[in-house]
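One structure is given below, encoded as structure tokens.
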Amino acid sequence: MPEVISQSYTRADEAFDCLQTAIVKGDLSPGEKIGEVELCARFNLTRGPLREALGRLESRGLLVRRPHAGVKVVSVSTEELMELYRIREVMEGLAARQAAERMTDAEIADLYATLDSHETMIEQAQGQAYYQAEGDYDFHHRIATGSRNTKLAQMLLGDLYYMVRMYRYRLSTASGRPHMALGEHRRIVEAIAQRDGELAEFLMKRHINAARRNIEQKIQNGALTI
């Protein structure tokens, strides 16, 4: 019998998730030129679903298509990446402040549970990576939606969100960084649980500022190429 495919999760969805994860984890590098034949062979995909997935990735800003140059994974300059982090620092700080004011107790309890699952994942990776799938499993996504600020969430979870995820994961592979980042996440949630918006904002801004400085240092040391 032919394989039955769920109407809620198609082969195009599968191809999309596969390629997006490859981009976020760096298996498809920023600036890398990609072709349909190579992607089909490499990821065991078929052409129809692949083409739909590529269109969705392009709409998210993770792929760019240039005349006579084909399709490439998006890339940014060091300066552009630093500016993205400065924008995040301000906007996510505000999101954390408003999350402290507006998240329900049940949402906060669920956020604690999510961080517990993150800790398990980090331990399974022997402390060498901190990969967060998009959506509710992503700490930063949860804070943005928990702010109850529709315009702010739209800005944080648009193209900015998907591009930054590429670099967040690559930074998380630095020695000691996964546990450090998890600890910073826990302190932010504690401030939110205490309904201390000012402290939550301060801790979130410090968290993202530390990530930006770590990226700058890794670039300067040649440990990270953009």
Side-chain angles (χ1 to χ4, degrees), residues 24-26 30 75-100 103 108 111-112 114-123 125-134 137-147 149 152-153 155-226:
V24 170
K25 289 190 171 183
S75 62
V76 298
S77 67
T78 300
E79 292 76 17
E80 288 171 328
L81 183 60
M82 294 303 99
E83 287 305 313
L84 285 175
Y85 268 77
R86 290 187 178 95
I87 292 169
R88 282 188 66 206
E89 185 176 333
V90 174
M91 294 175 66
E92 292 202 40
L94 174 59
R97 174 186 283 272
Q98 296 192 326
M103 286 185 80
I108 294 171
L111 190 50
Y112 272 121
T114 297
L115 292 184
D116 289 341
S117 69
H118 288 180
E119 183 172 12
T120 299
M121 182 271 295
I122 291 171
E123 295 302 329
Q126 299 181 323
Q128 297 303 306
Y130 189 168
Y131 175 71
Q132 301 175 65
E134 69 174 275
Y137 192 70
D138 184 345
F139 170 78
H140 293 275
H141 191 286
R142 294 284 287 273
I143 298 299
T145 57
S147 73
N149 185 324
L152 180 60
M155 289 185 283
L156 283 172
L157 303 179
D159 292 348
L160 172 66
Y161 172 72
Y162 298 107
M163 186 174 293
V164 167
R165 285 188 74 224
M166 297 168 54
Y167 296 97
R168 275 173 45 197
Y169 178 77
R170 295 172 69 189
L171 175 64
S172 80
T173 59
S175 178
R177 182 60 193 168
H179 284 109
M180 186 180 300
L182 179 63
E184 292 168 1
H185 288 172
R186 287 195 183 281
R187 286 187 285 276
I188 293 167
V189 177
E190 288 167 3
I192 291 173
Q194 293 164 5
R195 305 301 181 181
D196 191 334
E198 183 176 358
L199 179 59
E201 180 176 18
F202 169 77
L203 292 174
M204 179 65 85
K205 292 173 72 173
R206 187 173 68 176
H207 168 61
I208 296 175
N209 182 270
R212 178 178 59 79
R213 288 186 283 106
N214 281 333
I215 290 176
E216 287 180 318
Q217 185 175 31
K218 286 168 71 71
I219 292 172
Q220 291 171 0
N221 294 340
L224 177 66
T225 55
I226 301 301

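Residue numbers start at 1 and run along the sequence shown.
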- Can you sort out the partners of Gln194 under side-chain hydrogen bond (donor to acceptor under 3.5 Å, both in side chains), two or more places apart, ordered by chain and number? none
- Query: Who passes side chain to side chain contact (heavy atoms under 4.5 Å, CB included) against Ala100, sequence neighbours left out?
  - Reply: Ile192, Ala200
- Message: Restricting to side-chain hydrogen bond (donor to acceptor under 3.5 Å, both in side chains), what partner residues turn up for Gln98, sequence neighbours left out?
- Response: Asn149
- Message: Could you tell me if the side chain of Glu92 sits less than 4.5 Å from the side chain of His207, heavy atoms only?
- Response: no
- Applying ring pair (Phe, Tyr, Trp, His ring centres under 6.0 Å), name anything that partners Tyr161, two or more places apart in sequence or on another chain. His141
- Closest approach of Ala153 to Ala144 (non-hydrogen atoms, all atoms of both residues): CB-O, 3.8 Å
- How many angstroms lie between atom NE2 of His185 and atom CG of Leu203, to the nearest 0.5 angstrom? 11.5 Å
- Query: Which heavy atom of Asn209 sits nearest a heavy atom of Arg213, and at what distance?
  - Reply: OD1-NE, 2.7 Å
- Can you sort out the partners of Arg165 under salt bridge (Lys or Arg N to Asp or Glu O under 4.0 Å), two or more places apart, ordered by chain and number? none
- Message: Rounded to the nearest 0.5 Å, what separates atom CG in Leu81 from atom CE in Met163?
- Response: 9.5 Å
- Are Ile108 and Arg195 side-chain neighbours, meaning at least one heavy-atom pair lies under 4.5 Å? yes
- Return the set of residues passing ring pair (Phe, Tyr, Trp, His ring centres under 6.0 Å) with Tyr137 (not counting sequence neighbours), or none when no residue passes. His118
- Residue pairs fulfilling salt bridge (Lys or Arg N to Asp or Glu O under 4.0 Å) with at least one residue in residues 196-211, sequence neighbours excluded: Arg97-Glu201
- Task: Please list, chain by chain and in numerical order, all residues satisfying side chain to side chain contact (heavy atoms under 4.5 Å, CB included) with Glu83, sequence neighbours excluded.
- Result: Arg86
- Message: Run the salt bridge (Lys or Arg N to Asp or Glu O under 4.0 Å) test against Glu119 and tell me which residues pass, sequence neighbours left out.
- Response: Arg186
- Message: My understanding is that only residues two or more places apart in sequence, or in another chain, count here; which of them pass side chain to side chain contact (heavy atoms under 4.5 Å, CB included) with Met91?
- Response: Ile87, Leu152, Met155, Leu156
- So CG of Leu94 and CD1 of Ile143: to nearest 0.5 Å the spacing works out to 12.0 Å
- Message: In the structure I gave you, are the side-chain heavy atoms of Met82 and Glu79 within less than 4.5 Å of one another anywhere?
- Response: no
- Message: My understanding is that only residues two or more places apart in sequence, or in another chain, count here; which of them pass side-chain hydrogen bond (donor to acceptor under 3.5 Å, both in side chains) with Arg187?
- Response: none
- Which atom pair, heavy atoms only, marks the closest approach of Ile188 to Met204? CD1-CA, 3.7 Å
- Task: Could you grab the distance from atom CE of Met166 to atom OG of Ser75, nearest 0.5 Å is fine?
- Result: 7.5 Å
- Task: With sequence neighbours left out, write down each residue that passes side chain to side chain contact (heavy atoms under 4.5 Å, CB included) with Ala125, or none if nothing qualifies.
- Result: Ala129
- Check step by step if side chain to side chain contact (heavy atoms under 4.5 Å, CB included) holds for Leu111 and Phe139. CA-CA 8 Å; Leu111 190 50; Phe139 170 78; 4.1 Å; yes
